[in-house]
Amino acid sequence: MKALRRFTVRAHLPQRLAALERLSINLRWSWDKPTQDLFESIDPELWKLVDGDPVAILGQVSPARLEALAGDDAFVHRLEELAAELDNYLTRPLWYQQLGADRQGGKDPVLPNGIAYFSMEFGVAEVLPNYSGGLGILAGDHLKSASDLGLPLIAVGLYYRSGYFRQSLSADGWQHENYPSLDAQGLPLRLLTDASGEAVLISLALPDGAQLYARIWVAQVGRIPLLLLDSDIPENDHDLRSVTDRLYGGDQDHRIKQEILAGIGGVRAIRAFTEIEGLPAPEVFHMNEGHAGFLGTERIRELIEAGLDFDTALTVVRSSTVFTTHTPVPAGIDRFPVEMVERYFGPDPGGVGSRLLPGVPLERILAFGAEDDATKFNMAHMGLRLAQRANGVSLLHGRVSREMFNDLWPGFDPAEVPIGSITNGVHAPTWAAPQWLELGRELIGSEDLSSLQEPETWERLHEVDPGHLWWIRSQLREALVHDVRDRLHRSWLERGAAEAELGWIATAFDPNVLTIGFARRVPTYKRLTLMLRDPDRLTKLLLDKERPLQLIVAGKSHPADEGGKALIQQVVRFADRAEVRHRIAFLPDYDMSMARTLYHGCDVWLNNPLRPLEACGTSGMKSALNGGLNLSIRDGWWDEWFDGENGWEIPTADGLADENRRDDLEAAALYDLLERAVAPKFYDRDERGVPTRWVEMVRHTLQVLGPKVLASRMVRDYTQNYYLPAARALRQSIEPGASGDAEHAMAFGAARELAEYRQRVEKVWPQIRILEVDSSGLPDTPLLGSELTLTARVCLEGLRPDEVTVQAVLGRVDAGDALVDPVTLPMTHVGAAEGGQDVFTASTPLPVTGPVGYTVRVLPHHRLLAGDNEWGLVALAG
Ligand SMILES: *Cc1c(COP(=O)(O)O)cnc(C)c1O
């Protein structure tokens, strides 16, 4: 008989062991090996059975064993040490506090006193399966690094009762999904309660009088609270209880409910949390992808309720919102039918005003998500329109995003679209093997790993003997081989094999063979099966007598993606063949714990996406942190940081229209590299058996990529380049306006002023004209460096000259007279001409040789804009 619900009943912890509770509840244990070792020592057998889960081991250990430990002075002493270490970690001043101290007395002491970070998934640890892939793991790493750096960040997402699915395989290699139901009591979560001990509920008004309630679970990720909203409570009608049932399941209507809950409910949860905990309200709001974009509409509602008009409220919200886009494919963007948005955000039939967001006009909300297709509401467009600052997740992805969203900034070349980039990073203490972290501590001479950010720290690897580096790599490969055998064995049993048929697994895979990993989700663009393009050639490489390879493949396909499941089946069928099954395997149920073992143990990390569809990719970074060498198409981060010696580039045939031919060419290049470059280097050994040239590549990889791929680098970049400017913009928007009249003298005067300016500018902009542009000063034969003077007469339609920027744009022109990589020069206002026109001028030495052209343009200008291009308004001469 199957139980309807499950929960965990725990033994009382003896007084002397009380600190175990604290250590188990704070997810910091997930990146702190000493704490894991302590929990393991409670009962090593049980620790294995519960897959290394501290809350679970406390739930299952016998009271007798706990009593015995309470009498074990050595254990209690170690426990107290680690508890004190945790307290110290949670309270001592870190990078952010230092940054604050450095800025004290400086002219710009603006540090946000709170940052709210929204994401639909968070991969913090495998015990909390609230993630499907890279986006969630990235969010988890963001929180951990924010904690290590001392950022005052609060994260918000949803609590999925069934998380993401667990994957298994049928006998013929087809993916099966099952959704284990989570038991919140068995997880490192606490319920947010008010002063009277009642669960705090947030509520949202849905169409037809329905009300959606959610309670709030708090996971503690080091210093960072992660709020997870849960709709599975009796206060909800039956169908609303399932809003947070699972990640990426259900239809569009289900999904919009989830996103409304995450965005609007998320803001309400933060308000409840900060009030109860006595924390300041966050100043900066960061959307990790557009899914939680409705958060901006809720903040507008709050400000309208506080007395602002819509446009001023929008100005304030924009100033303090950061949007990160993660997909370079238009098809990857979340879009809803416009009627659906109307249904949730409009008035009930016969009613007045929005029930969900009183005071916020529906048309204004619809305008945020407008796109080419008038029937669609585009969440990425909403993110971009609600955020004054936006970024992609690698240099290449920033470039691709500027092109992809160019239409929102018409009149600008892609290079000028205001979307920047911050390359993703990974959390070293989570992803680097303990052996490497230990070596790092030895080289640094301290327990404190914060100097991993300094390239000099990694330079010290010069001191390490190649034999030692190789010994670490070999140990990690061996551990991987054992894990692969275990997993293969379990998978075959699950697929219906009999124990007696599985003798071969005991010797499958070899700790001394060059080991290649390929593990990731299975969307088409990642090309799981490119390696099978020429099965005979792959077989030869695997079985080579002198220089064999072994290949470990893993990944989940989206449950609705039959195509992806067919790709998995293709790999499984190939790997099932008796002649290769000891050298290639597909391992089911890729998750964080399998991922770690793979990143630790693989010599080579393979990635062959269709360029440029991999926005960043982070698995290769985790491999690099363990001395794995990347073998990859130059896409995402690898396009940026491949240097010719830290791995290999698979030449891409991107741009080729014939996809089949492209796959052929890229697969052939992959086989060639494996055969001619990778394997020879791995098997070329010195007299001690050490592949010295390989080890030098490992050392070089660690040295050059180590300091770059860190999530701490990423979070510092977000702080300096996005959070600080956003907090500054918010505080400026709150100030009284510059004009000094009564209305602007009150709070938010500056935002009011900017909102009014925007309305004025948008009204007159279509009439702004550049009437005449004259050049003078050039000799008959202009030479490089000859002085050019440009004068333009501009009709500003009532805007003052200091309310615009007039620019000369100058540079080489192509055959079609388009300016290529031009320079822009500000033009100075030199007076008025007849008819209310204004005259602007600029002089410059000619900057380039060859065919040169120029034009003049006008842009809006205001001190509170992040840039003159921010609104996408430009008037061009001619
Ligand atoms: C890092 C990681 C990913 C993301 O890898 P990509 O290279 O971005 O595809 C996915 N799943 C798990 C479990 C990971 O650890």
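Just so you know, these numbers come straight off a predicted model, no measurement behind them. Numbering of ligands and ligand atoms starts at 1, following listing order. Computed from heavy atoms alone, side chains included, the values below leave out hydrogens, waters and symmetry copies.
- When ring centroids are compared, His286 and Phe118 stay outside the 6.0 Å threshold.
- Judged by the 6.0 Å distance and 45° axis criteria, Lys681 is not positioned over the aromatic ring of Trp694.
- Taking only nitrogen or oxygen atoms, main chain and side chain alike, Lys526 reaches within less than 3.5 Å of ligand 1.
- Using a cutoff of 4.0 Å between basic side-chain nitrogens and carboxylate oxygens, Arg255 and Glu259 are scored as salt-bridged.
- Distance alone, capped at 3.5 Å, is enough to place a donor-acceptor pair between the Asn630 side chain and the Gly620 backbone.
- Remark: Lys556 is not positioned above the aromatic ring of Tyr164, lacking an NZ or CZ atom under 6.0 angstrom from the ring centre and at most 45 degrees off the axis.
- Considering only heavy atoms from C-beta on, Trp458 stays 4.5 Å or farther from Leu705 through its side chain.
- Which parts of ligand 1 touch Tyr599 is read off a 4.0 Å heavy-atom cut-off, strictly below it: atoms 1 (C), 2 (C), 14 (C), 15 (O).
- Atoms of ligand 1 found under 4.0 Å from any heavy atom of Gly134, numbered from 1 in the order shown, are 3 (C), 4 (C), 10 (C).
- Residue contacts with ligand 1 for Trp637 are absent, since no atom lies close enough (heavy atoms, distance under 4.0 Å).
- Heavy-atom contacts of Gly617 reach the following atoms of ligand 1: 7 (O), 8 (O) (cutoff under 4.0 Å).
- Among protein heavy atoms, the minimum distance from atom 8 (O) of ligand 1 is reached at Thr618 N, 3.1 Å.
- Near Ala595, the atoms of ligand 1 lying under 4.0 angstrom from a non-hydrogen atom of the residue are 13 (C), 15 (O).
- By the 6.0 Å and 45° rule, Arg634 does not stack over the aromatic ring of Trp638.
- The cationic atom of Arg246 (NZ for Lys, CZ for Arg) does not lie both less than 6.0 Å from the six-membered ring centre of Tyr248 and within 45° of the ring axis.
- Under 4.0 Å from ligand 1, the heavy atoms of Lys622 that appear belong solely to its side chain.
- Using a 4.0 Å cut-off between heavy atoms, Ser619 contacts ligand 1 through both its backbone and its side chain.
- Residue contacts with ligand 1 for Met594 are absent, since no atom lies close enough (heavy atoms, distance under 4.0 Å).
- Around atom 12 (C) of ligand 1, the closest heavy atom drawn from Tyr590, Tyr131, Trp431 belongs to Tyr590.
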